[in-house]
A.B. asks: 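Please see the structure below; I have some questions.
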Amino acid sequence: MYTFSSKLKVFSIVLIIVGLLGIGYSFISAPKTTADVEKILEAESHGHHGSHDAHAHGANDAAAHAEHEEHLNHVLHQLQNKPWAAFYVAALFFMLISLGVLAFYAIQNVAQAGWSPVLFRVMQGITAYLPVGSLIFFLLLVLSAFHFNHLFVWMDPELVNPDSPKFDKLINGKKGYLNEWFWLIRAAIFIIGWNLYRYFSRKNCLAQDEASDNTFYKKNFNISAGFLVFFIVTESIMSWDWIMSVDPHWFSTLFGWYVFASFFVSGITVIAMVTLYLKSKGYLEYVNTSHIHDLAKFMFGISVFWTYLWFSQFMLIWYSNIPEEVTYFVTRIEQYNLPFFGMIVMNFIFPFLILINTDFKRITWILVMAGIVILLGHYVDFFNMIMPATVGDRWFIGVAEISSLLFFLGLFILVVFTALSKAPLLPKRNPFIEESKHFHY
């Protein structure tokens, strides 16, 4: 049995507390009025605000004043969105890591893989974060639906009101699908479905340890096959609902796969890193360098798969140059140049050059280094998906982003390692456990 070390527990609690303090500060310090925004803009331009101090006289000046007020309101929304968006990106990222691990675990069950059963309890420990993470995330969706923030522009009722000057024909055409109640009902169905599979698959796996036959193993095989069908449909819709809809005018038919590749490789990376940590503490005696090598191969392979999807999506949209489609990438290249191109280095070039070497796939410090870069790179990927539509050019990695990451990292460590300490780390009655124990190639 694994024992959750007091040092790691204290470390995770400190991360949670520091994160909460930073999140609180980022919300409190966000501007409340357009007057606050005016001061921020003046400070940025070092007092050279030109027409700001001129009082309107005549039609042109009145129009300029109205335009200026509209700009102030726009920036106010962006800066008020910033702590919400930072929290949203971190909440989504960590929840999807546990979902990616759950999908990987289901695939191992359905494939009847012989190499991986010694890692099953590690995977189950990581998926223990899913109930906690998905509950926090669902509450965030509810707050969005009830207009506590402006993350989803399509939720503005003015956009679907034909009498409003803000009426948007495209968003109005999507209101049968993009409306708050249907959106929340879909989210509830997805989250409940994922958590039900997580609950019953773990229950069956633990019951199999005490069983005299393979009944519970067969049950797990069947529900894993059903879950994968459910997952592949809900994952695509989830990526449209929770990520793509922040840009409701833009769409990509490849987007569901692209999001899946991003959190799937992140999940596999976390399995590798937790396994290496437990191994370094003297646990997981049957996990050998061949198991680690296999995990590293998945990290390498899915990183290449992610790059293929990223390039396919980018190249076709960029080359076709249709204004309403290409705007998505123009915004990111112009306003998010460093994170946009930086994530390609972090998610493809770096892991490709490091993990293509067979020997490197078995060296702990190299894998940990590659894993940290991959996880940070995919956080930046989600940052790039959400931030341009929610905060525009007002982005920077500040207190809101760092404290949100620290909070969810602390919570993730606390939940995962608590779950790992609740059951033996070896599923001893799995039919493939002996093959897994002696896995070498």
A.B. asks: Would the distance check show the side chain of N347 and the main-chain N or O of G377 forming a donor-acceptor pair, the cut-off being under 3.5 Å?
C.D. replies: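 It does hold such a pair.
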A.B. asks: Distance to the ring centre below 6.0 angstrom and angle to the axis at most 45 degrees; does that hold for K9 and F417?
C.D. replies: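 Output no; distance or angle outside limits.
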A.B. asks: For P339 and N384, work out which heavy atoms get closest and say how close.
C.D. replies: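 Taking every non-hydrogen atom into account, O-ND2, 3.1 Å.
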A.B. asks: Any sub-3.5 Å donor-acceptor pair from S245's side-chain atoms to W242's backbone N or O?
C.D. replies: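 A pair under 3.5 Å: no.
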A.B. asks: Within the structure provided, determine whether C205 and N220 are in side-chain contact (heavy-atom separation under 4.5 Å).
C.D. replies: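 C205 vs N220: side chains touch.
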A.B. asks: For R332, give me all partners under salt bridge (charged side-chain N to carboxylate O under 4.0 Å, His left out), at least two apart in sequence or on another chain.
C.D. replies: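 For R332, the residues satisfying salt bridge (charged side-chain N to carboxylate O under 4.0 Å, His left out) (neighbours in sequence not counted) are D247.
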A.B. asks: Do H150 and Q78 have side chains that approach each other closer than 4.5 Å (heavy atoms only, starting at C-beta)?
C.D. replies: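 Of all side-chain heavy-atom pairs linking Q78 with H150, none is under 4.5 Å.
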A.B. asks: Could you state the interatomic distance from CH2 (W194) to CG (L130), rounded to the nearest 0.5 Å?
C.D. replies: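 Going from CH2 on W194 over to CG on L130, the span is 7.5 Å.
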A.B. asks: State, yes or no, whether a side-chain contact exists between S303 and L355 at a heavy-atom distance under 4.5 Å.
C.D. replies: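 No; the side chains remain at least 4.5 Å from each other.
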A.B. asks: Can you check whether F329 and W318 have ring centres sitting under 6.0 Å from each other?
C.D. replies: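 No.
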A.B. asks: Applying the side chain to side chain contact (heavy atoms under 4.5 Å, CB included) criterion to F264, which one of L96, I97, I107, L99 satisfies it?
C.D. replies: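 Of L96, I97, I107, L99, side chain to side chain contact (heavy atoms under 4.5 Å, CB included) with F264 is met by I107 alone.
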A.B. asks: With distance as the sole criterion, is a donor-acceptor pair present between the side chains of D381 and W306 under 3.5 Å?
C.D. replies: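 Yes, because at least one side-chain N or O of D381 sits under 3.5 Å from a partner of the opposite role on W306.
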A.B. asks: Give the ring-plane orientation class for F94 versus F412, where under 30° counts as parallel, over 60° as perpendicular and anything between as tilted.
C.D. replies: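 F94 and F412: tilted rings.
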A.B. asks: Could you tell me whether the side chain of S436 and the main chain of V118 form a donor-acceptor pair under 3.5 Å?
C.D. replies: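 Yes; at least one donor-acceptor contact below 3.5 Å.
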A.B. asks: Tell me if the centroids of the rings in F382 and F263 come within less than 6.0 Å of each other.
C.D. replies: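 Ring-ring flag for F382/F263: false, centres at least 6.0 Å apart.
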A.B. asks: Is a side-chain N or O of N214 found less than 3.5 angstrom from the main chain of Y217, in a donor-acceptor match?
C.D. replies: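 Not confirmed, N214 side chain does not pair with Y217 backbone.
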A.B. asks: For N161, does its backbone N or O pair with a side-chain atom of S164 as donor and acceptor, under 3.5 Å?
C.D. replies: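 Pair absent, no side-chain N/O of S164 close to backbone of N161.
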A.B. asks: So do the side chains of I185 and F190 get within less than 4.5 Å of each other, counting heavy atoms only?
C.D. replies: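 Not in contact.
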A.B. asks: Under 3.5 Å, which donor-acceptor pairs link side chains of residues 392-400 to any protein atom two or more places apart or in another chain?
C.D. replies:
| residue | atom | partner | partner atom | Å |
| --- | --- | --- | --- | --- |
| R394 | NH2 | E44 | OE1 | 3.1 |
| R394 | NH2 | E44 | OE2 | 2.5 |
| W395 | NE1 | Q335 | O | 2.7 |

A.B. asks: Can you sort out the partners of T418 under side chain to side chain donor-acceptor pair (under 3.5 Å), two or more places apart, ordered by chain and number?
C.D. replies: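 Counting only residues at least two positions away or on another chain, T418 forms no side chain to side chain donor-acceptor pair (under 3.5 Å).
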A.B. asks: For S404 and E401, indicate whether the former's side chain and the latter's backbone hold a donor-acceptor pair under 3.5 Å.
C.D. replies: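 Judged by distance alone, no pair lies under 3.5 Å.
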A.B. asks: Check the orientation of W310 and F340. Use parallel for under 30°, tilted for 30 to 60°, and perpendicular for over 60°.
C.D. replies: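 Ring orientation, 0 to 90° scale: tilted.
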A.B. asks: With a 4.5 Å cut-off on side-chain heavy atoms, are W84 and F27 touching?
C.D. replies: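 Yes. Closest side-chain heavy atoms under 4.5 Å.
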A.B. asks: I'd like to know if the side chain of T127 and the backbone of Q124 have a donor-acceptor N/O pair within less than 3.5 Å.
C.D. replies: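 A pair under 3.5 Å: yes.
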A.B. asks: Which residue, R121, R202, K203, R429, forms the salt bridge (Lys or Arg N to Asp or Glu O under 4.0 Å) with D209?
C.D. replies: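 It is R121; the other options fail the test.
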A.B. asks: Indicate yes or no for a side-chain donor-acceptor contact from D168 to the backbone of L159 under 3.5 Å, with no hydrogens or angles considered.
C.D. replies: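 No: the side chain of D168 does not pair with the backbone of L159.
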A.B. asks: Judged by atom type as modelled, is there a donor-acceptor pair below 3.5 Å linking the side chain of W183 to the main-chain atoms of D241?
C.D. replies: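 Indeed, once roles are kept as given, a pair shorter than 3.5 Å links the two residues.
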A.B. asks: Can you tell me how the ring of H74 sits relative to the ring of H71, calling it parallel under 30°, perpendicular over 60° and tilted otherwise?
C.D. replies: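 Judged by the thresholds at 30° and 60°, the geometry between H74 and H71 is tilted.
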A.B. asks: Report yes if the distance between the aromatic ring centroids of F348 and F352 is under 6.0 Å, otherwise no.
C.D. replies: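 Yes, the ring centres sit under 6.0 Å apart.
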A.B. asks: Taking the side chain as everything from C-beta on, heavy atoms only, tell me whether P31 gets closer than 4.5 Å to I40.
C.D. replies: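 In short, these two side chains touch, coming nearer than 4.5 Å.
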A.B. asks: Establish, from distance only, whether the side-chain atoms of T390 and N81 form a donor-acceptor pair under 3.5 Å.
C.D. replies: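 Side-chain D/A pair, T390 to N81: absent.
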A.B. asks: Below 4.5 Å, heavy atoms only, C-beta onward: do K32 and L76 meet side chain to side chain?
C.D. replies: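 Not touching, per the 4.5 Å side-chain cut-off.
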A.B. asks: Between V246 and V153, is any pair of side-chain heavy atoms under 4.5 Å apart?
C.D. replies: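 They are not in contact (no side-chain heavy atoms under 4.5 Å apart), so the answer is no.
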A.B. asks: How far does CZ of F87 sit from OG of S403, to the nearest 0.5 angstrom?
C.D. replies: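 Result: 9.5 Å between the selected atoms.
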A.B. asks: Between F137 and Y88, does the ring pair (Phe, Tyr, Trp, His ring centres under 6.0 Å) criterion hold? Intermediate values first, please.
C.D. replies: CA-CA 8 Å; F137 186 74; Y88 186 88; 5.2 Å; yes
A.B. asks: Between H291 (side chain) and W115 (backbone), is there a donor-acceptor pair under 3.5 Å?
C.D. replies: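 A pair under 3.5 Å: yes.
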